[in-house]
Asker: 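Starting off with a structure, shown below.
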Amino acid sequence: MAETGRLSAPAAPLASPVTLVRIAIVAAILVTWEAVAASGLLFRDVVPSLLVIGRATAGLLADKTYYWHLGVTAGEVGIGLLIGGLSGLAVGILLGSNRLLGRAFEAYLYYLGPTPKIIFFPVMIMWFGVGPGSKVAMGTISCFFPVALSAAAGMREINPVLIRVGRSFRASTWQMVTKIYLPAMRLPAINGVRLGLGVAIIGTLLAETKLSNRGIGFLIINAYSTFDMPRMYALLIVLFVLSIGVNAVVGRLGGVDSIRRA
Amino acid sequence: MSSVTRAAAAPRAQSAAPVLVVDGIVKRFETPDGVMTAVDHISFDVAPGEFLAVIGPSGCGKSTLFNIIGGLLDGYEGRVAVSGETLKGPHASIGMVFQEESTFPWRTVTDNVAFPLEIAGLPKAQRVERARHFIDLVGLSGFENRYPAELSGGMRQRVAIARTLASEPKILLMDEPFGALDEQTRLLLGDKVLQIQDQLKQTCLLITHNITEAVQLADRVLVMTYRPGTVKRMVPIELPRPRSSEIVSSDAFGRYVAQIWGDLREEASRGMRDDEAHRGGGAP
Ligand SMILES: Nc1ncnc2c1ncn2[C@@H]1O[C@H](COP(=O)(O)OP(=O)(O)OP(=O)(O)O)[C@@H](O)[C@H]1O
Ligand SMILES: [Mg+2]
């Protein structure tokens, strides 16, 4: 665990060849995009010029209702992550600490884990309605599996002597969880939460694009159905940037303290 | 003063009410080759304040016995009693120091040593103060805020010892606590343990495969046989107290070592023959 913590942060110099190639790739894409837009080869509005998209992005960022929708989605993802993450952690710890339960139940986790969770959406609508409830449920289901699997694996990797130390001092179950299991498995657990956050965002947005009247997913599908392509691209760009930001923040959580303590 | 009471403790072992009774312990393990008896009818008593060393070749069942007395292993025959009370799980008056590296890597030295106090629910200020005391006792002052990864193996082992001492157990159980250390560090840490035991008037059960260590520290040495683990001999060590590591060069010390080595050599060579046979059989 210690090694991955140390190795995962290579210090890249600012203008390394890799960075230059990356910049070149982005530039090439933008130029091609602009060329296609100007050529009129595709239907005019499907590939709007960068200038138009830029203007739509600025307009979006100045729009108060956009922030309201963003708040709705963020809230749904947050609650989904909270419920799914905590229950995933609890189930993972239980399965990881009990060999019989682990053997019996983990097969289901492995089968259900990679199943696209959107197939549960109709059921969730019936259970929780078309409002935010069903979106939260989608986020919850999505992030439960990676968190539970990482937590179970993390539990099994705990140095068994540390568990015996806790038992020899007669720690209660709760003390074992909070003072030994969780700190000992924090790296795999944080990794699970990171994966969980990613799929919670996907699950929630996907659900919003299917059936809803609020949230970023709704805005995107709304822009699409009113054929407001610049606005749709603007939404995608903003979403893309936000996802990168969130992922970087969660990644930090895992890396920072591993240097001295792992 | 403690040397006087302790010197008297060994002969009294059989008469004074023992603080620890191990009575007819048998432990079997299921292995792929069938049932293996790791510990076979081991019985002994430990008097209050006594230092008992258990010595035996690798694989003879010492750690198994340690875990049973510590209440961490069940499914055995026989009975363990602490102050007359039959053991069911880890006992409050027993503190264990493990053979393996056992410090919590995510806790500083202070927080490691304060762990049992945290479990007991002591307020933070008191925990830190008590932890300081035991860190000082094992000679680690100045390292309070270091993490285990920043310490040497010997220092980490001292942290583990301080952590167990901080729970102030009546009986200190140690499983090869100096196993991974070099001879010099081992001798000096042995001195430290004797000093501390004198100060705290603890009963000690030390598991080791090092004869020098056993004779240096113990009032009695229990020699175990190899597979199944039984009591081969109980050797009272009548060397004056207080002892320090300098005693290892005395004649009397040499005689004890020679006697125990005589017993152990047979068992150890049986163990090695076993291992070789196993290896030979396993190879295609
Ligand atoms: N959980 C287990 N399942 C099966 N066999 C076990 C188990 N634990 C221990 N054994 C076996 O019991 C025997 C005694 O093991 P134990 O760990 O008590 O030895 P030891 O005397 O402490 O050895 P060492 O000095 O090397 O630490 C060994 O042969 C070991 O393989
Ligand atoms: Mg052992």
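Any value given below was found using the heavy atoms of this structure, including those in side chains, with hydrogens, waters and symmetry copies removed. In what follows, every chain begins at residue 1, and chains take the letters A, B, ... in the order their sequences are listed.
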Asker: For B/Glu118, is it the side chain, the backbone, both or neither that has a heavy atom under 4.5 Å from a heavy atom of chain A?
Answerer: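 Both backbone and side chain of B/Glu118 come within 4.5 Å of chain A.
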Asker: What part of B/Thr164 gets closer than 4.5 Å to chain A, counting heavy atoms only: side chain, backbone, both or neither?
Answerer: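 Interface part for B/Thr164: both.
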Asker: Starting at CH2 of B/Trp106, measure out to CG of A/Leu162 and round the result to the nearest 0.5 Å.
Answerer: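 Spacing of CH2 (B/Trp106) from CG (A/Leu162) equals 5.0 Å.
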Asker: Crowded around B/Arg79 CZ? As in, over 12 foreign heavy atoms under 6.0 Å?
Answerer: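 Atom CZ in B/Arg79 is crowded, with more than 12 foreign heavy atoms closer than 6.0 Å.
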Asker: Other residues, nucleotides and ligands only: do more than 12 of their heavy atoms fall within 6.0 Å of CH2 on A/Trp68?
Answerer: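 Buried by this count: over 12 neighbours within 6.0 Å.
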Asker: How far does CG of B/Leu72 sit from CZ of A/Arg167, to the nearest 0.5 angstrom?
Answerer: 5.0 Å
Asker: Of the backbone (N, CA, C, O) and the side chain (C-beta and beyond), which part of B/Ala92 lies under 4.5 Å from a heavy atom of chain A, both, or neither?
Answerer: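 Both the backbone and the side chain of B/Ala92 come within 4.5 Å of chain A.
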Asker: Please report the interatomic distance CD1(B/Ile94) to CZ(A/Phe169), rounded to the nearest 0.5 Å.
Answerer: 12.5 Å
Asker: Using 0.5 Å steps for rounding, measure from the CZ atom of A/Arg164 to the CZ atom of B/Phe66.
Answerer: 7.0 Å
Asker: Tell me, yes or no, whether the heavy-atom count around A/Phe105 atom CZ, taken from other residues, nucleotides or ligands under 6.0 Å, exceeds 12.
Answerer: no
Asker: Side chains of B/Glu101 and A/Asn159: closer than 4.5 Å at any heavy-atom pair?
Answerer: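 In short, these two side chains do not touch, never coming nearer than 4.5 Å.
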Asker: List the atom of B/Ile119, the atom of A/Gln175, and the distance in Å for their closest heavy-atom pair.
Answerer: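 B/Ile119 and A/Gln175 have their closest heavy atoms at O-NE2, 3.0 Å.
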Asker: Between atom NE2 of B/His91 and atom OG of A/Ser168, what is the distance when rounded to the nearest 0.5 Å?
Answerer: 13.5 Å
Asker: Measure from the side-chain N and O atoms of B/Glu100 to the backbone N and O of A/Val161, and report whether any donor-acceptor pair falls under 3.5 Å.
Answerer: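 No, the answer is negative, given that no donor and acceptor are paired below the 3.5 Å cut-off.
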Asker: Sort B/Ser167 into side chain, backbone, both or neither according to what part of it lies under 4.5 angstrom from a heavy atom of chain A.
Answerer: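 Contact with chain A involves the side chain of B/Ser167 alone.
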